[in-house]
Novice: 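Before I ask anything, here is the structure I am working with.
Atoms within each ligand, like the ligands themselves, are counted from 1 in listed order.
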Amino acid sequence: MNPTSHADHDKRGAVLSGTAASDFTLKFGGPPRWIVAAPGRVNLIGDHTDYSGGLVLPMAIQRYAVIAAAPAPAGSGRRLRLHSAAVNESVDIPLEGTPGAGEPSWANYARGVVAGFLARGHVLPALDALVVSDVPLGGGLSSSAAFEVAVATLLETALGQPLGLVEKAQLCREAEHEYARVPCGIMDQLISVVGNDSGALLIDCHSGQTRPVPFADPGMSLLIANSEVRHSLGTGAYAVRRADCIEAARTLGVPELGQAVLAQVEAAQPRLGALLHRRARHVVTENERARAAAQAFEDGDWRTAGALMYQSHRSLRDDFEVSSPELDTLVELARDIGEDGGVFGARMTGGGFGGCTVTLVATDRAGAIGQRLAEGYQRRHQRALTWFVARPSRGAHVLQG
Ligand code: GLA
């Protein structure tokens with residue numbers, strides 16, 4: 001058995017990097033000096049816990065935002081010209097003062113990262129840059145964090161001055177808060193920075209401590225099923241959930257909900273009221289599930305890991321109310337296939353309100369499982385499913401330069 005078989009042959013990354021280089025050359029009339037990549041992620045368990053100082057278990061995946069860039073020609077002015085291959089549109093982001101958020105909105109992530117560098121006193125060189133990405137947009141796989149972290153990696157590289165890893169993740173999170181108006185936790189940006197290609201990382205979002213949780217058994221795989229129903233965390237539901245958690249923590253008298261335990265939540269039910277009680281119950285039980293699942297993944301105890309994934313989905317659906325009918329269908333279909341068909345567990349992943357599920361499967365059954373999910377999904381929702389097997393990736397890196 002080859003323990004690195006999940007991570008090897010990052011062919012997609014190589015192809016994407018080639019695309020970024022040739023698109024850059026076409027657009028700007030010369031080759032890029034730098035090429036950088038930052039991965040998306042799948043969260044195995046521990047959702048809607050990060051902003052309450054809880055535990056999360058994300059894995060960076062071999063889906064990337066890749067940026068090719070070069071110094072701008074002399075006389076171009078102090079700006080980053082950024083071209084998005086996805087929408088075939090360019091923006092100029094000023095490299096002095098404070099860049100304002102605005103249209104086109106896809107560029108706000110980059111404006112926010114530039115603003116973070118400027119606020120920290122960095123003097124940025126004028127650049128031409130082009131971004132390509134194969135992280136599905138709005139799919140709960142951190143397409144926006146990958147983009148932010150790729151921009152930060154480019155700026156570090158162009159400056160020749162790396163930031164600290166945690167500082168870099170925090171800067172990118174500030175961009176998400178202030179420029180995309182999503183009050184997210186640290187999970188997505190941190191795993192995109194510090195991911196490793198041997199598997200997942202258990203992150204304690206209160207202390208910042210991390211522990212690698214290898215996912216290296218070639219007999220097991222993580223299948224991502226994309227409901228193709230897009231969510232928008234900016235629509236407000238995410239912020240409302242976060243506010244609920246702050247309110248519940250205040251009622252319980254703890255600084256963050258991640259520090260509460262179930263007995264406390266149950267005892268406070270009359271004071272919390274039904275809704276905050278359910279929200280709090282999700283966070284404290286999800287924390288325990290994340291802790292137990294990390295151990296199960298480490299031990300190769302797939303049955304336990306899978307059972308915890310199903311429980312997590314139920315909690316996100318019923319107590320935290322961030323699932324969607326499509327995600328529920330995908331989890332039910334996986335469950336119906338069951339262990340005999342190679343499925344050990346499934347759950348929605350990420351912020352929810354659409355997006356993707358993650359299913360723990362036997363590698364030799366992955367193709368058949370993906371197909372059965374797609375057929376069932378088409379029957380139930382008259383929609384096409386896209387699915388793929390996720391492989392662990394290292395965190396953001398420089399491919400050229
Ligand atoms: C989004 C946020 C993360 C996290 C997840 C839910 O991905 O960006 O910080 O809160 O939702 O776990």
Novice: Check each atom of ligand 1 against the heavy atoms of Tyr238 and keep those under 4.0 Å away; list them by number with element.
Specialist: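 Here the atoms of ligand 1 in question are 1 (C), 2 (C), 3 (C), 4 (C), 9 (O), 10 (O), 11 (O).
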Novice: So if I count the atoms of ligand 1 from 1 in the order they appear, which ones are less than 4.0 Å from some heavy atom of Met187?
Specialist: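 Every atom of ligand 1 under 4.0 Å from some heavy atom of Met187: 4 (C), 5 (C), 12 (O).
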Novice: Looking at Gly185, which atoms of ligand 1 are within less than 4.0 Å of one of its heavy atoms?
Specialist: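 By the 4.0 Å cutoff, the relevant atoms are 9 (O).
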Novice: Is it the case that His313 and Asp328 place a side-chain donor and acceptor less than 3.5 Å from each other?
Specialist: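 Yes - a donor-acceptor pair under 3.5 Å links their side chains.
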Novice: Would Arg41 count as a contact of ligand 1 if the rule is a heavy atom under 4.0 Å away?
Specialist: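 It does, in that a heavy atom of Arg41 comes within the 4.0 Å cut-off of ligand 1.
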Novice: Does any N or O in the side chain of Asn108 come within less than 3.5 Å of the main-chain N or O of Gly102, such that one atom is a donor and the other an acceptor?
Specialist: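 Such a contact is found between Asn108 side chain and Gly102 backbone.
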Novice: Is the Phe215 to Trp302 ring centre distance short of 6.0 Å?
Specialist: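 Ring-ring flag for Phe215/Trp302: true, centres closer than 6.0 Å.
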Novice: Could an N or O of ligand 1 be found under 3.5 Å from any N or O of His48, whether backbone or side chain?
Specialist: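 Yes; the residue has a nitrogen or oxygen that sits under 3.5 Å from a nitrogen or oxygen of the ligand.
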Novice: Should we say atom CZ of Arg120 is surrounded by more than 12 heavy atoms from elsewhere, each under 6.0 Å from it?
Specialist: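 Count over threshold, so yes.
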Novice: CZ of Arg303: more than 12 outside heavy atoms within 6.0 angstrom?
Specialist: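 It does not: Arg303 CZ has 12 such atoms or fewer within range.
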Novice: I'd like to know whether ligand 1 has Asn43 as a neighbour, heavy-atom separation below 4.0 Å.
Specialist: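 It does not, in that no heavy atom of Asn43 comes within the 4.0 Å cut-off of ligand 1.
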Novice: Can you list the ligand 1 atoms lying under 4.0 Å from a non-hydrogen atom of Asp47?
Specialist: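 Listed by number with element, the hits are 6 (C), 12 (O).
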Novice: May I ask you to list the atoms of ligand 1 that are less than 4.0 angstrom from any heavy atom of Asp188?
Specialist: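 This gives 1 (C), 2 (C), 3 (C), 7 (O), 8 (O) as the contact atoms.
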Novice: Could you check whether His397 and Thr153, counting side-chain N and O atoms only, form a donor-acceptor pair closer than 3.5 Å?
Specialist: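 Not at all, the side chains of Thr153 and His397 share no donor-acceptor pair under 3.5 Å.
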Novice: Checking Glu286 against His48: is there a side-chain donor and acceptor pair closer than 3.5 Å?
Specialist: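 Their side chains do not contain a donor-acceptor pair, so the 3.5 Å distance test is not met.
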Novice: Give me the atom names and distance for the closest heavy-atom approach of Ser315 to His282.
Specialist: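 Minimum heavy-atom separation between Ser315 and His282: OG-ND1, 2.7 Å.
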Novice: Ignoring angles and geometry beyond distance, decide whether Tyr51 reaches within less than 3.5 Å of ligand 1 through its nitrogen or oxygen atoms.
Specialist: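 Not met; the criterion fails.
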Novice: Under a 4.0 angstrom heavy-atom cut-off, which atoms of ligand 1 come close to Asp50?
Specialist: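 Close to Asp50: 3 (C), 4 (C), 9 (O), 10 (O).
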Novice: Which of the numbered atoms in ligand 1 are under 4.0 angstrom from any heavy atom belonging to Cys184?
Specialist: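 Answer, ordered by atom number: 2 (C), 8 (O), 9 (O).
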